[in-house]
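Here the structure is laid out as structure tokens; the discussion comes afterwards.
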Amino acid sequence: QVQLVESGGGLVQAGGSLRLSCATSGRTFSSYLMGWFRQAPGKERDFVTAISRSGGSTDYAESVKGRFTISRDNAKNTVYLQMNNLKPEDTAVYYCAAANRAFISRSQGTYGYWGQGAQVTVSS
């Protein structure tokens, strides 16, 4: 069983930055593919980014490529999402997710563990 707890959300002006953290329980963090998804008001939850077990491979949605960076610290059982040059359309609840698999996936169904979500609001 893996428990995920996001932190670092908040309100920021367009062009600003935020860093989300997702702390996990358990001693097998390095066994999990980690991903970030987001759900804007009235919309479906969408893939944002994912990182492989070792951190050597990453994948980004086109809408965030070049602005967001995912990273992980396996010693701290934590995955991060650095968000720069934020836009109002980035406003959403951001969810951290974990999957016990080796290869990166954009599919929500792949991920068996989810955090409670962190609100990110970007004002124009």
Side-chain angles (χ1 to χ4, degrees):
Q1 189 74 8
V2 177
Q3 292 184 322
L4 311 175
V5 179
E6 300 99 335
S7 61
L11 173 64
V12 64
Q13 288 189 330
S17 298
L18 281 174
R19 188 175 83 154
L20 300 181
S21 299
C22 175
T24 70
S25 63
R27 294 176 288 180
T28 59
F29 176 71
S30 60
S31 299
Y32 289 87
L33 163 70
M34 299 300 297
W36 288 96
F37 293 77
R38 68 185 181 185
Q39 186 168 21
K43 296 188 176 181
E44 298 289 319
R45 187 162 59 185
D46 292 328
F47 171 81
V48 176
T49 181
I51 188 167
S52 62
R53 293 170 171 177
S54 67
S57 297
T58 57
D59 186 26
Y60 295 92
E62 281 300 316
S63 59
V64 306
K65 199 172 289 185
R67 301 188 298 120
F68 289 14
T69 303
I70 189 171
S71 61
R72 65 190 296 162
D73 186 336
N74 285 348
K76 295 183 178 180
N77 291 355
T78 302
V79 63
Y80 305 97
L81 180 62
Q82 178 67 44
M83 303 182 291
N84 297 330
N85 190 21
L86 282 159
K87 304 176 181 180
E89 51 264 42
D90 294 318
T91 294
V93 177
Y94 284 72
Y95 296 91
C96 173
N100 189 359
R101 58 173 283 159
F103 300 106
I104 285 180
S105 172
R106 295 188 172 196
S107 172
Q108 295 184 51
T110 298
Y111 296 82
Y113 304 98
W114 293 83
Q116 82 287 352
Q119 178 68 49
V120 171
T121 303
V122 184
S123 64
S124 57

Should [X] and [Y] count as side-chain neighbours, where that means a heavy-atom distance under 4.5 Å?
X      : Y      : answer
Tyr80  : Thr69  : no
Thr24  : Tyr32  : no
Phe68  : Leu81  : yes
Val12  : Met83  : no
Trp36  : Ile51  : no
Phe29  : Lys76  : no
Val120 : Arg38  : no
Glu6   : Gln116 : yes

N/O donor-acceptor pair under 3.5 Å between Arg72 side chain and Gly55 backbone: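 It does not hold such a pair.
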CG on Leu20 to OG1 on Thr78, rounded to 0.5 Å: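 Going from the OG1 atom of Thr78 to the CG atom of Leu20 covers 12.5 Å.
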Of all pairs that satisfy side chain to side chain donor-acceptor pair (under 3.5 Å), the ones with a partner from residues 45-54, not counting sequence neighbours: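 Listed once each, the pairs are Arg45-Gln108.
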Parallel, tilted or perpendicular: rings of Phe37 and Trp114 (30°, 60°):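 Taking Phe37 first and then Trp114, their aromatic rings sit tilted (interplane angle of 30° to 60°).
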Single hit among Val48, Asn84, Leu86 for side chain to side chain contact (heavy atoms under 4.5 Å, CB included) with Val64: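 For Val64, the side chain to side chain contact (heavy atoms under 4.5 Å, CB included) check succeeds only for Val48.
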side-chain hydrogen bond (donor to acceptor under 3.5 Å, both in side chains) partners of Asn77, counting only residues at least two apart: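 If we apply the side-chain hydrogen bond (donor to acceptor under 3.5 Å, both in side chains) test to Asn77, skipping adjacent residues, there are no hits.
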